[in-house]
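Worksheet: the structure to be examined is printed underneath.
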Amino acid sequence: GESVGLHLPTLSVQEGDNSIINCAYSNSASDYFIWYKQESGKGPQFIIDIRSNMDKRQGQRVTVLLNKTVKHLSLQIAATQPGDSAVYFCAECSGNTPLVFGKGTRLSVIA
Amino acid sequence: KAGVTQTPRYLIKTRGQQVTLSCSPISGHRSVSWYQQTPGQGLQFLFEYFSETQRNKGNFPGRFSGRQFSNSRSEMNVSTLELGDSALYLCASSVSGTGSYNEQFFGPGTRLTVL
């Protein structure tokens, strides 16, 4: 498959463990944040989003936490599975501005 | 319903040539955004089209251009290709465009290699 990024930070977790992926965003005026998952050979896929008036949002097996004080976003994946192996990106935007993506983190799940 | 489609999936060109990439958005989506993805720079926004008009533009040289047709299909063109243009070009569509609360759906991308 295609290599999304050769020099991405990598997080390795055991299957069944919880994963936490962190992201520092750049614009304090951003009011909408999204986590994307990108598997080899595919485009980014929406996972979960959060608006700036919230500090936590839960989905199926995923939770996003937002700390506006330190401009930090995290994605927690519960009971990580081999199918979760991918590159994860955070993205931010404000108003009608385009999405600004973080550099990404590669998640590797060890069976 | 069908997702975002991009053609071609792979392309090899030589320096100085030009290239045209195509994107068909999800039916009913009026906004198409283009991104360049490279290992060094990550995902970078190129431009967005909405109802045949360019609404946002990223920080790329004028060699990169695009257009959108009345059926919302979009094309991007890169002229006078450089080695550094080798990248995965991603297209994303949404109902009403970039910005808050508008989920963007990405296509699989076109892998462009410039030799």
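Below, all heavy atoms of this structure are taken into account, side chains as well, without hydrogens, waters or symmetry copies. Not measured: the values here are computed from a predicted model. Note on naming: letters A, B, ... go to the chains in the order of the sequence lines (proteins, then strands), and numbering restarts at 1 for each one.
- Judged as a disulfide bond (SG atoms under 2.5 Å apart), not a single pair has a partner in residues 50-89 of chain B (not counting sequence neighbours).
- B/Arg30 and B/Ser72 share no side-chain donor-acceptor pair at under 3.5 Å.
- Taking chain B as the reference chain and counting heavy-atom pairs below 4.5 Å, the highest number among A/Ser52, A/Gly104, A/Ala91, A/Gly43 is found for A/Gly43.
- Looking at A/Tyr36, only its side chain comes within 4.5 Å of chain B, counting heavy atoms on both sides.
- The contact between B/Leu43 and chain A is made by backbone and side chain atoms together, counting heavy-atom distances below 4.5 Å.
- A salt bridge is absent between B/Lys13 and B/Asp85: the closest approach of a Lys/Arg side-chain nitrogen to an acidic carboxylate oxygen does not fall below 4.0 angstrom.
- With 3.5 Å as the limit, one finds no donor-acceptor pair spanning the side chains of A/Glu92 and A/Tyr25.
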